[in-house]
Amino acid sequence: MEIHSYFSTNYLQNTYIINKKDRQETIILDPFEIEAPLFELLENLELEVTSVLLTHVDKQKWSSVQSLKRIYGTIEVYGGIDDDRKHDLVSVKELDFFETCGISVQPIFIPGHHSDSLMFRMDQFLFSGSLIGAGLIDKADESFGRALLIQCLQETFEELPKQTILFPSSGPPSSVGAELKTNYSFRHQERLTARISAKLFSEEISR
Amino acid sequence: MFSRHLCTHSGCNAFSLGSDSYCAVHHPDLSRVYQELENEVATSGVITNKNLTGLGFKNKSLRARRWIGCDFSNGNFEGCTFDESSLLLCTFEGATFVSCTFDVCETMEISFSGANFKDCTFRDSKIILTNFNGAILQDCQFIGTDLMYSRFIYAYLSRTLFEDCNLKAVHFIESNLGNASFRFSNKEEAIYDAV
C-alpha cells in the first residue's frame with residue numbers, strides 16, 4: 001500500500017491519496033479542494049480516482065466529490081451518513097470491513113462529535129479525520145459529547161497496535177502509542193477523572 | 001509515500017527494514033543494510049519508503065537529499081547532518097539526536113514525537129507541520145526558522161533558543177518552556193492553552 005499526502009494551503013488540511021502498489025485505481029481520503037497541484041500529483045503518479053472516503057461529510061468536501069466525479073466519472077463514495085437521499089454515498093458506519101481499490105478498510109465509528117464521524121484503518125495506518133490530531137482532540141459541541149469522544153477515542157486507541165501510524169486531517173502525523181502518551185485531551189481527561197473520583201471518595205469517607 | 005511490511009520473525013510485530021523481511025532486532029546482517037543505505041544515499045537524490053527503525057548513525061552526512069515516507073523511529077543520530085535536506089512524511093518517534101544539524105532544511109508532516117535532541121541546530125529551515133509532542137530538547141537552537149503549525153505539546157525545552165523564528169500557530173500546550181528563549185520571534189502568535 002502506498003500513501004501520498006497533499007496539504008491544501010487554502011484550507012490548511014491534509015488530503016491523502018492511497019493506492020495499492022502497481023495498481024492505477026486509487027482512493028482519495030477527505031478531498032477538501034480539487035486544486036491544480038493535487039490534480040498534478042495524481043497525474044504524475046498516473047493514478048485514477050475510483051473511490052473517495054469521507055471521515056465526515058460537509059459541504060466543502062461534498063463539492064470536491066462532485067468535482068472529482070466530473071473529472072473521473074463514476075466514483076464510489078464511502079462515509080458514515082445513514083439514510084441520506086441528499087448524498088449519494090455508501091454508508092459503511094455499521095460495517096466491520098469493506099474493500100475498495102484492492103485495499104481492506106476498517107471503518108471505526110466514534111460517537112461524541114458528528115453523527116457520521118468515522119476513522120478509517122488500513123493495514124498499519126489510521127486516518128482519523130478531524131477527530132484527533134497530533135496531541136489534541138477536536139472540539140465537540142458540548143461537554144458531554146466531548147467527554148464521550150475522548151473516552152471512545154482512548155478506548156479505541158488502547159485496542160490498536162501502538163505502532164499504528166496516525167494521519168489526521170489537520171496537523172502533523174503521529175502514532176497511536178505517541179497519542180496515548182502525549183495527547184493533551186487524554187491526559188487532561190485522566191487528571192479530571194482522578195480529581196472527581198478523589199473528591200467523590202473523600203466525600204463518601206467523611207459521611 | 002509509505003509502505004510497510006511486518007517482520008517475518010515469528011511473533012514479531014515490528015516493521016521490516018527497507019525491502020528486507022526482518023526488523024533491526026531480528027535482521028541477520030545489519031551491516032549489509034547500512035551498506036545498501038550508504039550506497040543509495042551516495043547515488044540517489046531521493047530516498048523513499050524506507051523503514052530504518054532502530055538504526056544508529058554516527059557522523060554521517062544525510063545532507064541535500066529528499067527523504068520521503070521513511071521511518072527512523074527509535075534511531076540514534078550522533079554528529080549527523082541533514083543540511084539542505086527535504087523530509088516529507090517521515091517519522092523519527094523516540095529517536096535520539098546529539099549534535100546534529102538541520103540547516104537550510106525543509107521538513108513537512110514529520111513526527112519527532114518523544115524524540116530527544118541535544119545540542120542540535122535548525123538554522124534558516126522550514127519545519128512546518130512537524131510534531132515535537134513529548135520531545136525533549138536541550139541546548140538546541142532554532143535560528144531564522146519557520147515553525148508554522150508545528151506542535152510542541154508536553155515537550156520539555158531546556159536552554160533552547162528560538163531566534164527570529166516564525167511561531168504562528170505553533171502549539172506549546174503544557175510544555176516546559178522555563179529555559180527557552182524567544183528572541184525576535186513572534187511568540188505571541190503561538191498557542192499555549194488548549195481551548
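Letters A, B, ... are given to chains in the order of the sequence lines, protein chains preceding strands, and every chain is numbered from 1. Hydrogens, waters and symmetry mates are skipped; everything else that's a heavy atom, side chains included, is used. What you are looking at is a predicted structure, and each value in this text was computed from that prediction instead of being measured.
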| query | Where along residues 20-35 of chain B does a heavy atom come under 4.5 Å of chain A, listed by residue number? | reply | none

Proximity breakdown for [X] and chain A, heavy-atom pairs closer than 4.5 Å:
{"X": "Phe112(B)", "answer": "neither"}
{"X": "Ile110(B)", "answer": "backbone"}
{"X": "Glu93(B)", "answer": "side chain"}
{"X": "Thr130(B)", "answer": "backbone"}

Can you find a heavy atom in the side chain of [X] that is under 4.5 Å from one in the side chain of [Y]?
{"X": "Gln163(A)", "Y": "Thr53(B)", "result": "no"}
{"X": "Ile128(B)", "Y": "Phe7(A)", "result": "no"}
{"X": "Thr182(A)", "Y": "Ser113(B)", "result": "yes"}

| field | Top contributor to chain B contacts, counting heavy-atom pairs under 4.5 Å, from Ala178(A), Pro173(A), Gly171(A) | value | Pro173(A)

Heavy-atom closest contact ([X] atom, [Y] atom, distance):
{"X": "Gln124(A)", "Y": "Leu6(B)", "answer": "NE2-CG, 3.9 Å"}
{"X": "Tyr154(B)", "Y": "Tyr184(A)", "answer": "CE1-CA, 3.5 Å"}
{"X": "Leu129(B)", "Y": "Pro172(A)", "answer": "O-CB, 2.9 Å"}

| Just by modelled atom types, is the Ala134(A) backbone N or O under 3.5 Å from a matching donor or acceptor in the Arg151(B) side chain? | yes

Would you mind checking which part of [X] comes under 4.5 Å of any heavy atom in chain B, side chain (CB onward), backbone (N, CA, C, O), both or neither?
{"X": "Pro161(A)", "value": "neither"}
{"X": "Ile18(A)", "value": "neither"}
{"X": "Asn14(A)", "value": "side chain"}

